[in-house]
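Any value given below was found using the heavy atoms of this structure, including those in side chains, with hydrogens, waters and symmetry copies removed. All values reported here derive from a predicted model rather than from experimental measurement.
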Amino acid sequence: HSLILEEAGILVKQVHDPSQVLEVLASFAPDLVLVDVYMPQCTGLELAGIIRMVPEYLSMPILYLSSEMNLQKQHKAMQVGVEGFITKPVVPDELASAVILRAERMRSLRRLMTHDSLTGLYNHSSIKEIIENTIKQANRSSDSLVLVMLDLDMFKQVNDYYGHLAGDQVLVALARMLKHRLRATDIIGRYGGEEFVILLRKVTLNEAFTLIDTLREDFSKIAFSSGTRDFNCTLSAGLSALTEQGSIEALINAADVALYQAKSAGRNRVMTDAAASLL
């Protein structure tokens with residue numbers, strides 16, 4: 001069955017010891033799990049029940065793959081929250097189609113849960129979780145990280161004067177600019193409203209300052225329009241660098257202080273936490 005799926009272009013991980021399933025789920029991060037109903041060490045029903053006990057796997061599609069034809073037994077086996085039952089022997093194309101369809105649906109659902117619907121960036125809860133995990137990795141490997149808190153200046157006035165559609169246009173334009181100008185390894189999220197957060201990997205504070213300040217200047221030159229009225233929008237940003245064994249709270253708070261100082265100093269500027277601490 002793995003060979004059938006691999007020939008259809010699907011990346012497959014086989015597990016022969018049920019006790020290793022949770023460990024493999026964490027490292028492999030599949031879009032779907034195929035499990036036999038009858039296995040030597042435990043039943044598929046028992047294994048599916050264990051998977052469903054882990055909160056992050058509650059929405060993980062699970063399919064039974066079994067020669068069991070008894071409909072009453074199939075129904076009982078699915079009561080733990082399994083999506084479907086594929087009976088063996090399987091037709092290769094049907095197996096691949098069933099897996100691809102459910103995997104794509106899972107990816108779409110996962111994206112809806114983790115991404116902001118307007119900008120396509122990570123939403124508040126998912127960006128915080130990703131940053132926290134990245135900080136833990138950086139603390140172990142001593143990698144440098146710089147966090148950027150970025151906020152659109154006078155955005156309420158943009159919405160009030162030009163309308164919310166124009167405001168959405170500004171938010172989308174900034175999101176696109178960040179995605180196009182930053183590296184694939186950098187993490188970008190919409191923190192809420194007109195505030196964005198960026199985590200830059202393996203850069204110094206000075207390098208990050210130069211990058212974000214260039215983005216700030218280029219963004220201020222973009223011409224937006226609302227009906228017959230044209231306008232520009234600016235942004236301010238605060239930067240903080242990860243200190244040894246630093247936490248996500250300390251990193252965000254330091255960047256927030258720097259952002260506040262950038263706003264207080266007149267907006268449309270970038271400030272680091274080191275510079276803010278001197279004021």
Side-chain angles (χ1 to χ4, degrees), residues 11 27-29 31 107 110-153 169-222 233-256 258-259 262 268-276:
L11 185 62
S27 60
F28 187 61
D31 293 310
R107 288 179 182 176
R110 187 179 292 152
R111 182 169 180 82
L112 287 172
M113 293 170 61
T114 59
H115 287 70
D116 173 59
S117 59
L118 177 64
T119 63
L121 301 177
Y122 289 115
N123 59 27
H124 180 93
S125 57
S126 59
I127 190 68
K128 283 198 71 173
E129 182 178 349
I130 292 168
I131 289 174
E132 188 165 12
N133 290 334
T134 306
I135 288 174
K136 290 177 182 177
Q137 294 171 6
N139 282 330
R140 289 194 295 266
S141 58
S142 299
D143 286 341
S144 59
L145 291 176
V146 174
L147 187 132
V148 183
M149 296 300 293
L150 189 152
D151 190 83
L152 289 166
D153 297 325
Q169 180 188 0
V170 174
L171 292 169
V172 171
L174 177 56
R176 285 178 179 169
M177 184 179 192
L178 294 175
K179 285 188 283 188
H180 290 159
R181 298 280 289 273
L182 297 177
R183 302 166 300 178
T185 55
D186 297 325
I187 300 165
I188 316 166
R190 185 180 179 191
Y191 207 61
E194 64 271 24
E195 192 170 25
F196 295 75
V197 62
I198 305 166
L199 192 65
L200 303 172
R201 305 186 191 205
K202 297 183 179 181
V203 296
T204 66
L205 195 58
N206 288 337
E207 289 170 340
F209 178 90
T210 300
L211 171 64
I212 300 301
D213 199 48
T214 301
L215 288 174
R216 175 201 59 78
E217 187 174 348
D218 292 344
F219 181 75
S220 68
K221 297 174 183 176
I222 297 176
C233 198
T234 63
L235 60 85
S236 298
L239 281 63
S240 63
L242 180 67
T243 57
E244 188 174 350
Q245 297 302 312
S247 66
I248 183 172
E249 291 80 10
L251 202 60
I252 290 176
N253 288 341
D256 262 334
L259 174 60
N268 191 24
R269 64 193 65 213
V270 179
M271 189 166 285
T272 66
D273 60 333

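Judged purely by atom type and a 3.5 angstrom limit, Asp213 has no side-chain atom pairing as donor or acceptor with the backbone of Phe209. His115 places no side-chain N or O within 3.5 Å of a backbone atom of Tyr122 that could act as its donor or acceptor partner. The backbone N or O of Val172 lies less than 3.5 Å from no partner atom in the side chain of Thr119, so there is not a single donor-acceptor pair. Between the Glu207 side chain and the Thr204 main chain, a donor and an acceptor come within less than 3.5 Å of each other.
Taking 4.5 Å as the limit, some side-chain heavy atom of Leu259 sits within range of a side-chain heavy atom of Ser236. Within the 4.5 Å cutoff, no side-chain heavy atoms of Val270 are placed close to those of Leu215. Residues Arg201 and Thr134 have side chains in contact (heavy-atom distance under 4.5 Å, counting atoms from C-beta outward). Contact annotation: the side chain of Ile131 approaches that of Val197 to within less than 4.5 Å [non-hydrogen atoms, C-beta and beyond].
Listed by chain and residue number, nothing satisfies the side chain to side chain donor-acceptor pair (under 3.5 Å) test with Thr114 (two or more places apart in sequence, or in another chain).
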Please walk me through it: do Asp151 and Glu194 pass side-chain contact (heavy atoms from CB on, under 4.5 Å)? CA-CA 6 Å; Asp151 190 83; Glu194 64 271 24; 3.6 Å; yes
Start with the C-alpha distance between Arg216 and Asn268, add both sets of side-chain angles, then the distance that settles side-chain contact (heavy atoms from CB on, under 4.5 Å), and finish with yes or no. CA-CA 7 Å; Arg216 175 201 59 78; Asn268 191 24; 3.0 Å; yes
Does Leu171 form a side-chain contact (heavy atoms from CB on, under 4.5 Å) with Leu152? I'd like the steps, not just the answer. CA-CA 9 Å; Leu171 292 169; Leu152 289 166; 3.6 Å; yes
With side-chain contact (heavy atoms from CB on, under 4.5 Å) as the test, would you mind laying out the steps for Leu182 and Leu211 before giving the verdict? CA-CA 9 Å; Leu182 297 177; Leu211 171 64; 3.6 Å; yes
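Here the straight-line distance linking atom CG of Leu235 with atom CG of Asp153 works out to 6.5 Å at 0.5 Å rounding. Rounding to the nearest 0.5 Å places CD1 of Ile127 at 11.0 Å from CG of Asp116. In this structure, CG in Leu200 is found 4.5 Å from CG in Asp186, a value given to the nearest 0.5 Å. Taking CD of Glu132 as the start and CG of Leu251 as the end, the distance is 11.5 Å to the nearest 0.5 Å. Atom CZ in Phe196 sits 7.0 Å away from atom CG in Leu178 (nearest 0.5 Å). Between atom CG of residue Asn253 and atom OG of residue Ser247 there is a gap of 8.0 Å, rounded to the nearest 0.5 Å.
More than 12 heavy atoms of other residues, nucleotides or ligands sit less than 6.0 Å from atom CZ of Phe219. Within 6.0 Å of NZ on Lys202 lie no more than 12 heavy atoms contributed by other residues, nucleotides or ligands. A 6.0 Å sphere centred on CZ of Arg176 holds no more than 12 heavy atoms belonging to other residues, nucleotides or ligands.
No side-chain donor-acceptor contact under 3.5 Å links Asn123 and Arg190.
In terms of heavy-atom proximity, Ala208 sits nearest to Val146 at CB-CG1, 3.6 Å. Heavy atoms only, all atoms of each residue included: Ser220 and Thr234 are closest at CB-CG2, 4.0 Å. Closest approach of Leu239 to Ala258, counting heavy atoms only: N-CB, 3.9 Å. Shown here for Ala255 and Leu147, the closest heavy-atom pair between the two residues is CB-CD2, 3.6 Å.
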